[in-house]
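Remarks on the structure that follows.
From a predicted model like this one, the values you see are computed outputs, not experimental measurements.
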Amino acid sequence: MKTHRAVRTPGGLSLRVDVRTLVVGTLLLLVALTASVVLIGTGDFPIPAADVVRTLLGEGDPGQEFIVTELRLPRVLVGLLVGASLGLAGALFQSISRNPLGSPDVLGLGQGATAGALVMIVLFSGTANQVALGALVGGLATGFAIYLLAWKRGVHGYRLVLVGIGVSAVVTAVNGYLLTKSDIVDAARAIVWMTGSLDGRDWDQVWPLLALCALLVPLVLANSRGLRMMEMGDDVSYALGVRVERVRLVLMLSAVLLTAAATAASGPVGFVALTAPQLARRLTRSPGPNLVPAMCMGAALLVSADWISQRAFGAGQLPVGVVTGVLGGVYLLWLLVTERRAGRI
């Protein structure tokens, strides 16, 4: 069975399609959408999946329409967008660094966004929008610092990961300091935000994140060919006509923006960016960056984790960041053991 097929458009453009990757991406998207419908129907007022779909199509009764479109749909959409953003950002960083540990979680971007949010909470008692803006600025500043510190005739592999780990340690210490200097009310508010949660998310979080994804996802996909070439090494990429540093800078900036925006919308949801690209790669069995499957996997993981956080612990609900942290921590341990046995660390 052929795993790749060539498709020619009416305009004469020829495309090479990986059939397995296309099938896996489609199935992951269906899983994410199915989990979303189930999640929307879950709650104190349960709604059957068929009624959820009918309501989303504009044919539900007024009560169901209010519950679905005003109360539950925004939370699910934020979960889908955050998961997709983190999955794509993780795939970009892992491909650029050529290291499965090269994700925003390890590089400290989430901690940098947390630092920006803590500054707004602890020092300025900021509103929700100001906290989100602080998280966005903190993530961007951290990404810029990592890029500068890792630069030495370019940004390469393990240097990027090691610099990111160092920056993460410094920013984590800053976050601890800010917490110790805050009063009890601000500290409690900060701890809740730092856990990572989709509770209370509404359309105010959906639209900015949706607009950013609509801008950055096409930009990233347009540069995916250069990213695939860069996995063969900078010298080969230069020989094939790829403007390596320009492509790397554009993609790293896109990944930082996606991570910072996702963290601003939901708080630091751990390990999705680390696990989604790796799981997608194992399903597609493709050596490339697997950008679209990683997005779909991230969305499916986060929405599924949110359902687990609401239903798997009886009457009590856990923040989604706790669930992803537990599952991701187990996966990280397995990944480290696997990499060690392979002699890569």
Side-chain angles (χ1 to χ4, degrees), residues 85-115 138-175 220 226-228 230-235 237 244-245 247-260 262-263 268-282 287-291 294 298 324-325 328-345:
S85 298
L86 293 176
L88 180 56
L92 288 173
F93 273 116
Q94 290 177 12
S95 182
I96 289 172
S97 65
R98 283 174 267 170
N99 191 317
L101 297 178
S103 79
D105 305 297
V106 178
L107 298 180
L109 295 177
Q111 290 84 344
T114 301
L140 289 173
T142 304
F144 184 68
I146 292 172
Y147 186 84
L148 287 182
L149 292 173
W151 174 270
K152 185 178 180 182
R153 294 188 297 275
V155 177
H156 304 284
Y158 277 100
R159 189 192 310 145
L160 178 66
V161 175
L162 292 175
V163 169
I165 291 173
V167 171
S168 176
V170 172
V171 178
T172 299
V174 172
N175 293 343
V220 168
L227 180 64
R228 182 182 292 271
M230 286 164 54
E231 290 192 339
M232 296 186 293
D234 288 1
D235 293 337
S237 301
V244 174
E245 287 307 322
V247 172
R248 183 179 286 129
L249 179 60
V250 168
L251 293 180
M252 284 189 64
L253 179 60
S254 299
V256 170
L257 279 169
L258 288 168
T259 303
T263 305
V269 178
F271 290 107
V272 173
L274 175 69
T275 58
Q278 291 299 311
L279 293 176
R281 177 171 294 194
R282 281 167 170 76
N290 291 286
L291 300 180
T324 61
V330 173
Y331 176 81
L332 178 60
L333 291 174
W334 176 84
L335 181 62
L336 290 172
V337 171
T338 302
E339 291 292 298
R340 182 181 178 185
R341 288 178 177 175
R344 289 187 285 267
I345 60 174

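- Pairing each heavy atom of Gly226 with each of Val247, the nearest pair is C-CG1, 4.4 Å.
- Residues passing the side chain to side chain donor-acceptor pair (under 3.5 Å) test with Ser168, sequence neighbours excluded: Gln111.
- Under the side chain to side chain contact (heavy atoms under 4.5 Å, CB included) criterion, Val256 pairs with Phe93, Leu109, Leu140, not counting sequence neighbours.
- In terms of heavy-atom proximity, Pro277 sits nearest to Gly87 at CG-O, 3.6 Å.
- Listed here is the closest heavy atom pair of Gly102 and Val161: CA-CG2, 4.0 Å.
- Residues satisfying the side chain to side chain donor-acceptor pair (under 3.5 Å) test with Thr275, not counting sequence neighbours, are none.
- Within the 4.5 Å cutoff, the side chain of Leu249 has heavy atoms near those of the Tyr147 side chain.
- Taking all atoms of both residues into account, the shortest heavy-atom contact from Thr259 to Ala89 is OG1-CB, 3.3 Å.
- Note that the CG atom of Leu274 and the OG1 atom of Thr324 stand 11.0 Å from one another [nearest 0.5 Å].
- In terms of heavy-atom proximity, Ser103 sits nearest to Gln94 at CB-NE2, 4.0 Å.
- Closest approach of Val220 and Ser254 over heavy atoms only: CG2-CB, 3.7 Å.
- Here the CG atom belonging to Leu160 is positioned 5.0 Å from the CE atom belonging to Met252, to the nearest 0.5 angstrom.
- Interatomic distance, Leu253 CG to Leu257 CG, rounded to the nearest 0.5 Å: 4.5 Å.
- With rounding to the nearest 0.5 Å, the separation of CG in Asn290 from CG in Leu88 is 11.5 Å.
- A donor-acceptor contact shorter than 3.5 Å links the side chain of Asp105 to the backbone of Phe271.
- Between the CD1 atom of Ile165 and the CG atom of Leu107 there is a distance of 7.5 Å, given to the nearest 0.5 Å.
- Residue Arg228 holds its CZ atom at 8.5 Å from CG of Leu291, rounded to the nearest 0.5 Å.
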